[in-house]
S.K.: 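What follows is a single structure, and I will ask about it in a moment.
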Amino acid sequence: MAWFRRGKKGIKAAVDKKDMPQGVWLKCRECTEILYRPELEKSHWVCQKCGYHFRISSRQYFQLLFDEGSFVEEDAGLRPSDPLHFRDSKKYKDRIVAAQTKTGLDDAIVSGRATVDGIPVSIAALDFSFMGGSMGSVVGERIARAAQRAIDARRGLITLSASGGARMQEGILSLMQMAKTSAMLAKLAEERLPHISILTDPTTGGVTASFASLGDVILAEPKALVGFAGPRVIRETINQELPEGFQRSEFLEAHGFVDRVVHRRDLNRTLATVLAFFGDAPMPTGRLRRRQDDH
Amino acid sequence: MSEGMGGWLDFERPLVELEQKIAEFRDFADGEKIEIRDELRRLETKAEKLRTQIFTGLTRWQRVQLARHPRRPYTLDYLQRLTGCFLELKGDRGFGDDRAIVGGLASFRGRKVMVVGHQKGRDIKAKLERNFGMPHPEGYRKALRLMEMAARFGRPIFTFIDTQGAYPGIAAEERGQSEAIARNLLVMARLPVPIVGIVIGEGGSGGALALGVCDRTFMQENSVYSVISPEGCAAILWGDRARAPEAAEALKVTAQDLSKLGVIDGIIPEPPGGAHRDVDAAATSVGDTLDSALAELEQLSPAELVEARLQRFLAMGSYLEDGLPKGLGHS
């Protein structure tokens, strides 16, 4: 099984080259503004002009969300296998190796524990750069284990999603991860522990139709694409153009499926507030930015 | 059979034609004559051989076609044959009644059970009414309402799974298709009554699984169950929906595949030529399976039932842990 092993030990930032071009000057994908990289890094990869949230890796989110140095990876020994011997133009096994090489990750998930304002949490975060953040057996298993660890240690669970849905290369087993993760969240809820789901661009398919939609509190980054069916599939099914803003976070908030659309810079404070509410820690005061449309 | 050749699959057509010839021959010829009897016997042997030839070693794509067969029995066809009494209950109490899912109170071989299932339509009008068996969120919410009701009154639940998938449309997204499916997965996982599910045709992705978190799941011999439709998979992999037959092979979508993987509990045999050739016989086999599965599950306490169901789904998966194979599908 040597081909499964990571070449280098240690943590590499999982950055999708397509999303995160190299060089000092970058173009915003939304407004085409030319942006200065150090500035962009300071603003957590949010375009200063139009507010476009660049796609970032789980590790970058951890820096943003958690107390410095508090993240500890758990269940890192899990690697994908190829139960169907799946092959299209490429073998699934080769796709796995290519994705591992590209991202430095073992699969589309990093999970573990950390603290937010001193409050311990379990975390399971998807990486879109690894095969579109798709959920196969490893993703499902690590989410289930993160939930179990949350139960064992009596702490809340945070899931952070960025995914095209279930991973077709693992066939029916990928579909079953939807049931597996949801079943564990039912158990977590019975234990009266909170699950906070953070939706980022994009979250669709089997991930939206399972754990990502089952947060006690569901937060979403601005303008993230969030839906069950992908826009292309819907367009082809109904044979008409989709309305402006369809399946974006704000659309979901308006229809009642997201608690709050939260700017990336406010994610940490929002999370800290929610976690404090559910636990023993005092609620932070006066530190949360109000959104214009809040009442 | 006076019908034309519409509604039959290409690969079963030679058999159906031969069978029609035999039927006509029997109707019009004088069966007393010895030479006619010999000729009939010869034709029937030929038909038998042809049937075996066609139906052994079906490709996965042919199974998909059988699962979608225009004559294939649907949920209500089974309920009509299996339940002494069936009282349909409608509506999600929030938005409306989704005709792509049916459910209600039923009696089944001396028991009282709640039944929910996807429902396709046979003719054009019915197909439209049933939205081709593709539910909107209110369909899943109706199913959930009925299943929770069953749990509250200690009645077991049967689910019949037969959908291309949950409907991908604007209204479905507005009303939270994802949330509706996810909620069913979460709640079904913990219902304290036995749940037995049968895939009777197409088990299309999340839209199927939303009725599929069961203590026992069986698939009919010619049914399929898949994470994505072969067409959808082919579109993504090769940008060509016409390559669906290849995708069906790669995805391993048949009852035989899922049984081998250990994802389902058994395969329910169908009459020769498929469930649509003898619906009564198909229904009897389904009924016997439901009966014995339920008898087994009734031995468990609600707490044991719920824990076993959780463990069942936790075991779903195939991966390596510290280099060692774990879970299903490693044989």
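Letters A, B, ... mirror the listed sequences (proteins, then strands); counts begin at 1.
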S.K.: Examine whether an atom of B:Ser205 lies under 4.5 Å from a heavy atom of chain A, and if so say whether it belongs to the side chain, the backbone or both; otherwise answer neither.
M.R.: both
S.K.: Using salt bridge (charged side-chain N to carboxylate O under 4.0 Å, His left out) as the criterion, list what pairs up with B:Arg130, not counting sequence neighbours.
M.R.: none
S.K.: Under 4.5 Å heavy-atom distance to chain B, tell me which part of A:Arg235 shows up: side chain, backbone, both or neither.
M.R.: neither
S.K.: Would you check if the side chain of B:Gln177 reaches a backbone N or O of A:Ala229 as a donor-acceptor pair within less than 3.5 Å?
M.R.: no
S.K.: Show your working on side chain to side chain contact (heavy atoms under 4.5 Å, CB included) between A:Leu78 and B:Asp322 and close with a plain yes or no.
M.R.: CA-CA 6 Å; A:Leu78 306 189; B:Asp322 302 324; over 6 Å; no
S.K.: Which pair of non-hydrogen atoms, one from A:Met168 and one from B:Leu251, has the smallest distance, and what is that distance?
M.R.: O-CD2, 3.5 Å
S.K.: If we only count heavy atoms from C-beta on, is the B:Glu174 to A:Phe251 side-chain gap below 4.5 Å?
M.R.: yes
S.K.: Write down the atom of B:Ala182, the atom of A:Thr208, and the distance for their closest heavy-atom approach.
M.R.: CB-O, 4.4 Å
S.K.: Taking NZ in B:Lys127 as the centre, count heavy atoms belonging to other residues, nucleotides or ligands within less than 6.0 Å. Is the count above 12?
M.R.: yes
S.K.: Say you draw a straight line from CG of B:Leu185 to CE of A:Met176; how long is it, rounded to the nearest 0.5 Å?
M.R.: 10.0 Å
S.K.: Any side-chain to backbone donor/acceptor pair from A:Ser137 onto B:Ser318? Under 3.5 Å, distance only.
M.R.: yes
S.K.: Kindly determine whether A:Gln169 and B:Val227 satisfy side chain to side chain contact (heavy atoms under 4.5 Å, CB included), including the steps that lead there.
M.R.: CA-CA 9 Å; A:Gln169 288 87 349; B:Val227 66; over 6 Å; no
S.K.: Would you mind checking which part of A:Ala183 comes under 4.5 Å of any heavy atom in chain B, side chain (CB onward), backbone (N, CA, C, O), both or neither?
M.R.: both
S.K.: How close do B:Val213 and A:Ala179 get, heavy atom to heavy atom, and via which atoms?
M.R.: CG2-CB, 4.1 Å
S.K.: Tell me, side chain or backbone of A:Phe211 under 4.5 Å from chain B's heavy atoms, or both, or neither?
M.R.: neither
S.K.: For B:Leu314, which atoms come within 4.5 Å of any heavy atom of chain A: side chain, backbone, both, or neither?
M.R.: both
S.K.: Among B:Gly165, B:Gly327, B:Ala250, B:Ala189, which residue forms the greatest number of heavy-atom pairs with chain A at distances under 4.5 Å?
M.R.: B:Ala250
S.K.: Looking at A:Thr237, A:Asp107, A:Asp75, which has the largest count of heavy-atom pairs under 4.5 Å with chain B?
M.R.: A:Thr237
S.K.: Between B:Lys326, B:Arg183, B:Arg190, B:Glu249, which has the largest tally of heavy atom pairs under 4.5 Å with chain A?
M.R.: B:Arg190
S.K.: Measure A:Leu173 against the heavy atoms of chain B and call it side chain, backbone, both or neither at under 4.5 Å.
M.R.: side chain
S.K.: Would you mind reporting whether A:Ile238 and B:Tyr167 have side-chain heavy atoms less than 4.5 Å apart?
M.R.: yes
S.K.: Side chain to side chain contact (heavy atoms under 4.5 Å, CB included) between A:Thr181 and B:Phe313: does it pass, once the steps are laid out?
M.R.: CA-CA 9 Å; A:Thr181 54; B:Phe313 284 94; over 6 Å; no
S.K.: What's the separation between atom CZ in A:Arg87 and atom CD in B:Glu246, rounded to the nearest 0.5 Å?
M.R.: 11.5 Å
S.K.: Could you state the interatomic distance from CG (B:Leu310) to CD (A:Glu190), rounded to the nearest 0.5 Å?
M.R.: 9.0 Å
S.K.: About how many Å separate CE of B:Met316 and NZ of A:Lys180, when rounded to the nearest 0.5 Å?
M.R.: 9.5 Å
S.K.: Please determine if B:Glu321 and A:Arg145 form a salt bridge, counting it only when a charged side-chain N lies under 4.0 Å from a carboxylate O.
M.R.: yes
S.K.: Taking everything shown except A:Glu244 itself, do over 12 heavy atoms lie less than 6.0 Å from its CD?
M.R.: no
S.K.: When heavy-atom pairs shorter than 4.5 Å are enumerated against chain A, which of B:Glu173, B:Glu179, B:Met188 gives the highest number?
M.R.: B:Glu173
S.K.: What I'd like to find out is whether the side chain of A:Ile172 reaches to under 4.5 Å of the side chain of B:Asp257, using heavy atoms alone.
M.R.: no
S.K.: Between B:Ser178 and A:Ser213, do the side chains contain an N or O donor and an N or O acceptor separated by less than 3.5 Å?
M.R.: no
S.K.: Below 4.5 Å from any heavy atom of chain A, which atoms of B:Leu258 appear? Answer side chain, backbone, both or neither.
M.R.: side chain
S.K.: As an exercise, state the distance from CG of B:Leu324 to OG of A:Ser81, rounded to the nearest 0.5 Å.
M.R.: 12.0 Å
S.K.: Any chance you could lay out the side chain to side chain contact (heavy atoms under 4.5 Å, CB included) test for B:Tyr225 and A:Leu175, step after step, and finish with the verdict?
M.R.: CA-CA 10 Å; B:Tyr225 199 175; A:Leu175 187 70; 3.7 Å; yes
S.K.: Report the option among A:Glu141, A:Gln177, A:Lys187 that has the most heavy-atom pairs separated by less than 4.5 Å from atoms of chain B.
M.R.: A:Glu141
S.K.: Between A:Phe246 and B:Gly169, which heavy-atom pair has the shortest distance, and what is it?
M.R.: CZ-O, 4.5 Å
S.K.: Tell me, side chain or backbone of B:Ala166 under 4.5 Å from chain A's heavy atoms, or both, or neither?
M.R.: both
S.K.: CG of B:Leu186 to CG of A:Leu185: how many Å apart, nearest 0.5 Å?
M.R.: 6.5 Å
S.K.: Which residues pass the ring-ring contact (aromatic ring centres under 6.0 Å, His included) test with A:Phe278, sequence neighbours left out?
M.R.: none
